[in-house]
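Accompanying notes for the structure given below.
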2 protein chains.
Amino acid sequence: MDDEHLGLRELKKRQTRDSISAAALKLTEEKGLSEVTIEEIAREAFVSPRTISNYFASKEEAVLAAGPVATEQVLQDFSTSNSDDPPLEVLGRLMSNYARDYPECLRKAARMVELEEANPSLRPFRLAREVELVIDLGRRVAQRTGTDFAADVYPSLVASAASAALLTSLSLWAQAGFPEGRLQPLIEESFSLASAGYRRRAASPISVQLESSATPQSPDAQPV
Amino acid sequence: MDDEHLGLRELKKRQTRDSISAAALKLTEEKGLSEVTIEEIAREAFVSPRTISNYFASKEEAVLAAGPVATEQVLQDFSTSNSDDPPLEVLGRLMSNYARDYPECLRKAARMVELEEANPSLRPFRLAREVELVIDLGRRVAQRTGTDFAADVYPSLVASAASAALLTSLSLWAQAGFPEGRLQPLIEESFSLASAGYRRRAASPISVQLESSATPQSPDAQPV
DNA sequence: TCATGTTATTGCTGATACTGCAAAGATCAG
DNA sequence: CTGATCTTTGCAGTATCAGCAATAACATGA
């Protein structure tokens, strides 16, 4: 029911959708989203302005649609893996492996973080997408642990913690200038911190300290 | 610098701001935000449409400005209190006390959650506000624990966990129909779950189980 | 009290965004 | 090939929003 019999119609739909979001992303990187009009995106994507409204409710959603979609893979893996470890640890391992195996995808995600800092109007919409993912993940945690998603805080809390761990890691990593090989330890640190009830291990005041030159003064940072 | 010498000007500014957001809230509850125009809000608040644009960037922000602002109190209390306990536990106590002492404020917050479910366009903007709070809280955690907000995942993770604990509790509580006296235990459960690294205590599969009749079938829940 | 500077409010205007509707074009199934 | 279905498009109407200048309200100091 997913990629089964995709006729020409479905193919063209995805194609125009991708064209639009790619055009939106390109123009946004060039001029800033506030300077980009629907009409421009339409020209760039070879569609009519009206068509853009058919696909996206706003410029912001069009830009965000160009972001990474690989999260679904991790969600799948989480649901199918059957370990007896606590969900957070499983998620931590999955994310860590993901950072190791598909660095370009994480890099793309971090690039979106930067794009968001340059274009604040993106933030609300990115967050809305994020919440959808957290809800999805929460349901999976509930199913996996046999808890009730609607009556128990547990699944949602775990999902939120995992999301925060990943996003905080990405944000710090992007801020430090994407240092090679540093993301994975950051992710592991974040997840183990959550699993430890946010109590620092005495031995590691700042265990995965980045180069201090990368973030000399820290006027305003953008986590989450 | 806060409530010091508020001249007539500042007073009137706050007054018109409140008028606008109150009008926006009232009309939204009556007809749904999508059916409300800026012009209507302007009439209701006895200001010109142009003035609304001066105060808020969108209808959504106007509505959200009518929400509870008491979070600042908790942030203040967190910064001023000087306990040696882990920040999450301090925050948990503060929120629990808050739920006990100012139930009407929490109820208002939960009402906003419901309003958001009825008017999905509110969500992105509420989330954006939420993130601002989390960043603020993260900075305070950093200051309190002597960690570096910009170089260390710890402060942001703690702040995110606290935010998730509160919001998840509110969401569940609202979904269950605001049962009297149930919010505080939910909050305590959520915070202690986070402090315990999201590991259930063996004795409590669902320790703060709500009346099962309150949530018979759970088609789509809205945490976070 | 008055005079003057400062700031908020307002109307106007132009640019942009979004939606419903109906026509035109593309794809599909037989 | 033909009719059905769906996508794309143009058009028209409504709504949003920001810049600008004028007006009104408040503040400050004498």
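Predicted, not measured: the structure shown is a model, and the values here were computed from it. Sequence lines set the chain letters: A, B, ... in the order given, protein chains first and strands last, and positions in each chain run from 1.
- Rounded to an integer number of Å, the gap from B:Leu11 CG to D:dA25 C1' is 14 Å.
- Taking the centre and axis of the six-membered ring of B:Phe149, the NZ or CZ atom of B:Arg139 falls inside the cone set by 45° and 6.0 Å.
- Contact between the side-chain N/O atoms of A:Tyr55 and the OP1/OP2 oxygens of D:dT8 is found at a separation under 4.0 Å.
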Please tabulate the protein-to-nucleotide N/O contacts below 3.5 Å involving nucleotides 16-19 of chain C, giving atom names and distances.
{"residue": "C:dA17", "atom": "OP1", "partner": "A:Ile38", "partner atom": "N", "Å": "3.4"}
{"residue": "C:dA17", "atom": "OP2", "partner": "A:Ile38", "partner atom": "N", "Å": "3.2"}
{"residue": "C:dC18", "atom": "OP1", "partner": "A:Ala57", "partner atom": "O", "Å": "3.0"}

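- No hydrogens or angles considered: a donor-acceptor pair under 3.5 Å links the side chains of A:Ser190 and A:Ser169.
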Verdict with reasoning, B:Thr28 to B:Asn119, per side-chain contact (heavy atoms from CB on, under 4.5 Å) = CA-CA 8 Å; B:Thr28 299; B:Asn119 305 88; 3.8 Å; yes

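- Closest to the side chain of B:Thr16, from the set D:dA27, C:dC28, C:dT9, is C:dT9.
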Between A:Arg17 and A:Phe56, is a side-chain contact (heavy atoms from CB on, under 4.5 Å) present by the stated rule, with each step listed?
-> CA-CA 9 Å; A:Arg17 186 183 178 87; A:Phe56 302 102; 3.7 Å; yes

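- For residues 96-127 of chain B, every residue pair satisfying the ring-ring contact (aromatic ring centres under 6.0 Å, His included) rule, not counting sequence neighbours, is listed here: B:Tyr98-B:Tyr102.
- In this structure, the CG atom of A:Asn54 is 18 Å from the P atom of C:dA24, given to the nearest Å.
- Contact between the side-chain N/O atoms of B:Lys12 and the OP1/OP2 oxygens of D:dC26 is found at a separation under 4.0 Å.
- Rounded to whole angstrom, the span from the CD atom of A:Glu10 across to the C1' atom of C:dA26 amounts to 14 Å.
- B:Glu35 places its CD atom 15 Å from the P atom of D:dT14, with the value rounded to the nearest Å.
- In this entry the distance linking CG of B:Leu33 with P of D:dA15 reads 14 Å, nearest Å.
- For A:Arg9 against D:dT5, a side-chain N or O and a base N or O form a donor-acceptor pair under 3.5 Å.
- Distances shown here put every side-chain N or O of A:Thr51 at or beyond 4.0 Å from the OP1 or OP2 atom of D:dT8.
- Annotation: side chain to side chain donor-acceptor pair (under 3.5 Å) contacts of B:Tyr154 (sequence neighbours excluded): none.
- For the pair A:Lys13 and D:dT7, the criterion of a side-chain N or O lying under 4.0 Å from OP1 or OP2 is met.
- Of all heavy-atom pairs between B:Leu33 and B:Lys59, the closest is O-NZ, 3.3 Å.
- If you take CZ of B:Arg14 and C1' of C:dT7, they are 16 Å apart, rounded to a whole angstrom.
- The distance from atom CD of B:Gln15 to atom P of C:dA8 is 15 Å, rounded to the nearest whole Å.
- Atoms CZ (A:Phe46) and P (D:dT7) sit 23 Å apart, rounded to a whole Å.
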